[in-house]
Amino acid sequence: MSVVIITGASDGIGAELARQLAQTQGSKLTLVLAARSADKLEAVAQQCRQHGARVKVRPTDVGIEADCRGLVQDTVEAFGQLDTLVNNAGMSAHALLEEVTDLAWYEQLMRINLWGSVWCTHAALPHLKASKGRIVAVSSLAGLVGVPGRTAYSTTKFAMNGFFEALRVELQPHGVSVTLAYPGVVATDIRYRGFNAQGDAAGKSGLDESGAMTVETCARLIREGMERRERDIVMSFKGKLSRWMKLIAPGLVDRLALKALNQDVRPH
């Protein structure tokens, strides 16, 4: 029996990853689904139970340290082990820095995207070492290449990458793998719910959504990568190319990052 925690599991990538794991592992799987919305989590849980998986719903706000630690504690108390932690919960943001008057939401974004993962991982560490388990961190291509208008979001994801890359080396002697996933533009609502310059829900995406990857494909790539204990999952040719072009032609990468924005939100 494998016990897997997925944060941000109420919709989008996290929910689809839960469904795919349930479909492929069935009764061999125990899922602990975490997010703020209990109702949405329960709907995903019911879909996973139809495939034979055992599922526990645990409402959690990863921006609160006690919630993160309680999530891990409740999981281990209920099932006696933890084999995989998927740090998927996150929030988006799009705003030019000059348009931001109050940086408080920058700090809140860091609590959700970085500290939520750090708190969950720290609490899970002794249990993952005991099981020689897996850690998965869902980052973003915006954590590899700075995107204009996404200073806050890119900051959180660059920080997340540094934390998990360092942790990977620390955990190698213990047999715990650390996989970093780098989705690009995926067809979810995350950018519509993300912060705008005023710290409110944006209600629209600042990125060019044409050619967005389906959530099913994104979740499949993460699932396959975590099962193989891959170091990094860079999901598109454009993402892989940008990673290397940043080393040899950084100015070109800057121009490509600018082209990824809708015309009306580009720096002016």
Answer yes if the side chains of Arg134 and Ser177 hold a donor-acceptor pair under 3.5 Å, and no otherwise.
no
Polar contact flag, side-chain donor to acceptor under 3.5 angstrom, Ser139-Asn161
yes
Run the side-chain contact (heavy atoms from CB on, under 4.5 Å) check on Val72 and His127 step by step: do they pass?
CA-CA 9 Å; Val72 174; His127 312 292; 3.9 Å; yes
Kindly indicate, with the supporting measurements, whether the criterion side-chain contact (heavy atoms from CB on, under 4.5 Å) is fulfilled by Met91 and Asn113.
CA-CA 7 Å; Met91 192 166 179; Asn113 290 1; 4.2 Å; yes
Regarding Glu216 and Arg19, does a basic nitrogen lie under 4.0 Å from an acidic carboxylate oxygen?
no
Salt-bridge test for Arg220 and Glu224: reply yes if a basic N is under 4.0 Å from a carboxylate O, no otherwise.
yes
Shortest non-hydrogen contact between [X] and [Y], atoms and distance:
| X | Y | result |
| --- | --- | --- |
| Ala89 | Thr7 | N-OG1, 2.9 Å |
| Met235 | Ile222 | CE-CG1, 3.3 Å |
| Lys129 | Val176 | CA-CG2, 3.8 Å |
| Ile233 | Gly225 | CD1-CA, 3.7 Å |
| Val147 | Ser154 | N-OG, 3.6 Å |
| Ala142 | Phe158 | O-CE1, 3.4 Å |

May I ask you to test the [X]-[Y] pair for a side-chain heavy-atom distance under 4.5 Å?
| X | Y | result |
| --- | --- | --- |
| Met213 | Pro183 | no |
| Val32 | Val4 | no |
| Ile112 | Thr156 | no |
| Leu85 | Cys120 | yes |
| Asn87 | Val136 | no |
| Leu114 | Val118 | yes |
| Leu103 | Leu97 | yes |
| Ile135 | Arg168 | no |

Check against side chain to side chain donor-acceptor pair (under 3.5 Å), Tyr106 and Thr155:
CA-CA 9 Å; Tyr106 270 53; Thr155 297; over 6 Å; no
A quick test of your reading: do over 12 heavy atoms of other residues, nucleotides or ligands sit less than 6.0 Å from [atom1] of [X]?
| X | atom1 | result |
| --- | --- | --- |
| His122 | NE2 | no |
| Glu77 | CD | yes |
| Trp105 | CH2 | yes |
| Arg69 | CZ | yes |

To the nearest 0.5 Å, tell me how far [X] [atom1] sits from [Y] [atom2].
| X | Y | atom1 | atom2 | answer |
| --- | --- | --- | --- | --- |
| Ile6 | Thr84 | CD1 | OG1 | 9.0 Å |
| Glu42 | Arg49 | CD | CZ | 4.5 Å |
| Trp115 | Phe163 | CH2 | CZ | 8.5 Å |
| Leu21 | Glu16 | CG | CD | 10.0 Å |
| Thr75 | Gln81 | OG1 | CD | 11.0 Å |
| Glu170 | Phe164 | CD | CZ | 11.5 Å |

Going through the distances and angles, do Asn88 and Leu17 end up as a side-chain contact (heavy atoms from CB on, under 4.5 Å)?
CA-CA 10 Å; Asn88 169 71; Leu17 179 60; over 6 Å; no
Keeping [X] on the side-chain end and [Y] on the backbone end, is there a donor-acceptor pair under 3.5 Å?
| X | Y | result |
| --- | --- | --- |
| Thr60 | Leu71 | no |
| Asp83 | Gly133 | no |
| Arg111 | Gly63 | yes |

Count I, L, V, M, F, W, Y as connected when their side-chain heavy atoms are under 4.5 Å apart, and connections chain through other members. Are Ile64 and Met160 then in the same cluster?
no
Could you check Leu33 against Lys56 for side-chain contact (heavy atoms from CB on, under 4.5 Å), going step by step and ending with a plain yes or no?
CA-CA 6 Å; Leu33 305 181; Lys56 176 181 176 63; over 6 Å; no
Please test Thr179 against Asp232 for side chain to side chain donor-acceptor pair (under 3.5 Å), starting from the C-alpha separation and ending with a verdict.
CA-CA 6 Å; Thr179 297; Asp232 300 300; over 6 Å; no
